[in-house]
Asker: 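If you scroll down you'll find the structure; I have some questions about it.
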2 protein chains.
Amino acid sequence: MVAIIHDGENRAKLETILEAARKRIGTYGFEKTTMQEIAADLRISKATLYYYFPDKESLFSAVVESEMEEFFSLVRKMTQRLKRTDHMLQEYVSLRHDFFRTFVNLTRLRISNISQFNTQFRDLKTRLRREEAGLITGILRKGRETGQFSCSDEEGTALLFLEVLHGLRMVTAQNKPFPEISAEDFEAIAGKQRQFLQLFVKSLIK
Amino acid sequence: MVAIIHDGENRAKLETILEAARKRIGTYGFEKTTMQEIAADLRISKATLYYYFPDKESLFSAVVESEMEEFFSLVRKMTQRLKRTDHMLQEYVSLRHDFFRTFVNLTRLRISNISQFNTQFRDLKTRLRREEAGLITGILRKGRETGQFSCSDEEGTALLFLEVLHGLRMVTAQNKPFPEISAEDFEAIAGKQRQFLQLFVKSLIK
DNA sequence: TGTTTGACTATTTAATTTAACGGGTCAAAG
DNA sequence: CTTTGACCCGTTAAATTAAATAGTCAAACA
């Protein structure tokens with residue numbers, strides 16, 4: 001049997017591995033998490049890990065993917081629950097912020113090392129980016145259809161929106177040695193993002 | 001006589017030193033520019049350099065300061081020339097972009113090394129930041145006074161504006177090895193900043 | 001007196017070597 | 001089908017050493 005097939009009890013084992021990996025990554029980041037450590041946490045051998053995942057990259061990609069899927073799921077539920085599209089954007093920023101708070105170390109992966117990771121990782125990143133842009137585009141479209149927003153080029157606007165959020169995060173967190181993204185920093189990021197959101201919405205409601 | 005006093009011909013000598021330092025820094029950045037090299041370019045001894053500037057940090061700060069002053073001067077002239085405040089913002093972004101294009105390597109200074117520089121450098125940075133914020137605040141105020149913009153909290157808005165521009169620059173230039181901020185990257189940054197500017201102005205013209 | 005310099009030092013940084021570690025494989029066992 | 005210990009090899013980290021570099025200063029000079 002091959003690891004890629006997810007059936008029954010095998011699926012459960014994969015889940016426990018993902019969970020262990022997620023904990024390690026969430027605390028120490030990609031670089032500082034070894035396969036040996038994950039195996040030790042699960043009290044299995046490293047070779048067994050390699051029986052379920054062909055390589056480190058695949059395991060880590062799977063972790064990121066599952067985390068992102070959960071985030072997307074929350075977002076979708078939220079968009080169905082809310083009526084006002086400006087509130088959707090607001091909630092989106094809030095959810096995304098919480099998500100990144102628990103997943104910081106993941107983002108701490110050094111750029112230089114990203115390039116070392118095979119195309120697989122880069123592909124995942126761009127896919128998630130696209131998916132995220134799709135969600136925002138959807139909200140903007142809905143805003144236009146319901147007469148709440150006036151916006152031409154929803155796609156371009158959505159990309160700009162995401163890049164500005166990303167940029168504000170970077171600018172604030174930039175010169176922190178390493179684990180030192182403090183609670184205040186997170187609050188500062190949230191504040192700036194809210195301020196931007198206000199401005200953004202204002203530009204849409206014309 | 002002490003280097004800090006800038007009179008007559010002494011001033012001229014300081015200028016030539018600043019010019020030589022500026023060239024080196026502009027090409028190789030702070031870290032990779034040595035006092036020896038600057039001295040060699042001027043065909044003077046390193047000790048002479050230290051006669052005019054107490055240390056490397058002071059010389060480099062002086063270079064950055066003079067560059068920034070020139071930029072600010074251009075901006076002020078521009079604001080007096082133009083009537084429409086939205087055009088002022090547009091021109092500001094354009095000027096700033098050109099300025100940073102010629103001064104990239106300066107920004108390449110590693111954050112970790114910035115902290116090594118004494119408070120002096122950090123002070124300069126915050127002072128310039130404040131000055132820049134003042135310029136934008138001025139434009140926003142003028143916009144409100146002339147009825148072109150409606151904006152409460154001009155200061156906060158100005159800071160956000162600058163941080164978003166900075167953020168967009170970072171996000172685009174982030175994962176470039178070193179000297180590889182290509183012309184395309186610069187164009188991409190400019191494009192995103194223009195797009196944001198459009199949105200920003202829209203939110204102000206209510 | 002103001003300016004320039006070569007020779008010097010003390011610290012940082014870079015280059016070099018060496019040891020440890022981590023990703024990944026595999027034959028064999030359960 | 002699943003698990004494992006033992007193994008390999010390339011990368012990284014630690015330790016050691018060599019080279020630069022920021023900064024000083026007494027002496028020369030204009």
Side-chain angles (χ1 to χ4, degrees), chain A residues 1-17 20-21 24-25 28-63 109-118 120-121 178, chain B residues 1-17 20-21 24-25 28-63 108-110 112-118 120-121 178:
Chain A
M1 181 195 148
V2 180
I4 296 159
I5 298 167
H6 302 163
D7 54 352
E9 69 180 284
N10 194 282
R11 175 75 202 166
K13 203 155 277 177
L14 286 171
E15 284 295 344
T16 65
I17 293 175
R24 280 275 168 192
I25 294 171
Y28 302 108
F30 281 103
E31 301 173 287
K32 293 297 178 188
T33 296
T34 71
M35 295 296 265
Q36 178 53 51
E37 286 170 339
I38 296 171
D41 289 350
L42 292 164
R43 259 161 280 195
I44 60 175
S45 77
K46 193 176 58 159
T48 305
L49 225 48
Y50 278 95
Y51 176 74
Y52 287 99
F53 291 91
D55 49 35
K56 193 183 183 185
E57 200 190 333
S58 297
L59 173 52
F60 285 16
S61 291
V63 170
L109 177 64
R110 289 294 212 70
I111 308 301
S112 53
N113 299 322
I114 284 183
S115 54
Q116 283 174 10
F117 278 93
N118 258 337
Q120 186 179 344
F121 208 87
F178 166 61
Chain B
M1 179 191 151
V2 180
I4 296 157
I5 299 167
H6 301 164
D7 55 351
E9 70 180 285
N10 195 283
R11 174 73 204 166
K13 202 155 278 179
L14 285 172
E15 283 296 344
T16 64
I17 293 175
R24 280 275 168 190
I25 294 172
Y28 301 107
F30 281 103
E31 303 172 284
K32 293 298 178 188
T33 296
T34 72
M35 295 296 264
Q36 179 53 50
E37 287 169 339
I38 296 171
D41 289 349
L42 293 163
R43 256 160 283 195
I44 61 175
S45 79
K46 192 178 58 159
T48 305
L49 226 48
Y50 278 95
Y51 176 73
Y52 287 99
F53 290 91
D55 50 33
K56 193 184 181 183
E57 199 190 333
S58 298
L59 173 52
F60 285 15
S61 290
V63 170
R108 280 287 180 180
L109 179 64
R110 288 294 212 69
S112 53
N113 297 321
I114 283 183
S115 55
Q116 284 175 8
F117 277 94
N118 257 336
Q120 187 179 345
F121 208 86
F178 167 61

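In the text below, chain A, chain B and the rest are named by the order of the sequence lines, each starting its count at 1.
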Asker: To the nearest Å, give me how far apart CG (B:Leu42) and C1' (C:dT5) are.
Answerer: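 Result: 15 Å.
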
Asker: Starting at CZ of A:Phe53 and ending at P of D:dT2, how long is that distance when rounded to a whole Å?
Answerer: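 So the two atoms are 13 Å apart, to the nearest Å.
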
Asker: What is the separation between atom CG on B:Leu49 and atom P on D:dA22, rounded to the nearest whole Å?
Answerer: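 Roughly 10 Å, once rounded to whole Å.
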
Asker: It should be established whether B:Lys13 places a side-chain nitrogen or oxygen under 4.0 Å from OP1 or OP2 of nucleotide C:dG2.
Answerer: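 Indeed not, no polar side-chain atom of B:Lys13 lies that close.
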
Asker: Out of curiosity, A:Lys32 NZ to A:Glu37 CD, how far, rounded to the nearest 0.5 Å?
Answerer: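 If we round to the nearest 0.5 Å, A:Lys32:NZ and A:Glu37:CD are 10.0 Å apart.
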
Asker: Can you name the closest pair of heavy atoms from B:Leu49 and B:Ala39 and give their distance?
Answerer: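 Closest pair (atom of B:Leu49, atom of B:Ala39, distance): CD2-N, 3.9 Å.
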
Asker: Would you indicate whether the side-chain heavy atoms of B:Tyr52 and B:Leu59 approach each other to under 4.5 Å?
Answerer: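 No, every pair of side-chain atoms sits at 4.5 Å or beyond.
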
Asker: Polar atoms only, N or O, under 3.5 Å: list the protein pairs with nucleotides 26-30 of chain D and their distances.
Answerer:
none

Asker: How close do A:Met35 and A:Tyr50 get, heavy atom to heavy atom, and via which atoms?
Answerer: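 Closest approach of A:Met35 to A:Tyr50: CG-OH, 3.5 Å.
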
Asker: Does a side-chain N or O of B:Tyr51 approach OP1 or OP2 of C:dT3 to a distance below 4.0 Å, or not?
Answerer: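 Result: yes.
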
Asker: Is there side-chain contact between B:Ile38 and B:Ile25, with heavy atoms separated by less than 4.5 Å?
Answerer: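 Not touching, per the 4.5 Å side-chain cut-off.
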
Asker: Between A:Thr48 and A:Ser45, do the side chains contain an N or O donor and an N or O acceptor separated by less than 3.5 Å?
Answerer: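 Yes.
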
Asker: Within the side chain of A:Lys56, is there an N or O that forms a donor-acceptor pair under 3.5 Å with the backbone of A:Thr33?
Answerer: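 Looks like yes, one N/O pair under 3.5 Å.
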
Asker: Return the 5'-most residue of the pair A:Ala47, B:Ala47 with respect to DNA chain C, ranking by each residue's nearest nucleotide.
Answerer: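 Looking at DNA chain C, the more 5' nearest nucleotide goes with B:Ala47.
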
Asker: Dump every N/O contact between nucleotides 19-23 of chain C and the protein below 3.5 Å, one line per pair.
Answerer:
from   : atom 1 : to      : atom 2 : distance (Å)
C:dG23 : OP1    : A:Lys56 : NZ     : 2.8
C:dG23 : OP2    : A:Met35 : N      : 3.0
C:dG23 : N7     : A:Lys46 : NZ     : 2.8

Asker: Write down the distance between CD1 (B:Ile38) and C1' (D:dT21), rounded to a whole number of angstrom.
Answerer: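 Atom CD1 in B:Ile38 sits about 12 Å away from atom C1' in D:dT21.
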
Asker: Can a side chain N or O of A:Lys32 be found less than 4.0 Å away from OP1 or OP2 on D:dT12?
Answerer: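 Result: no.
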
Asker: Has B:Ser45 got a side-chain N or O lying under 4.0 Å from the OP1 or OP2 atom of C:dT5?
Answerer: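 Checking C:dT5 against B:Ser45, a side-chain N or O does come within under 4.0 Å of OP1 or OP2.
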
Asker: In whole angstrom, give the distance that lies between atom OH of A:Tyr52 and atom C1' of D:dT4.
Answerer: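 The answer, rounded to whole Å, is 13 Å.
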
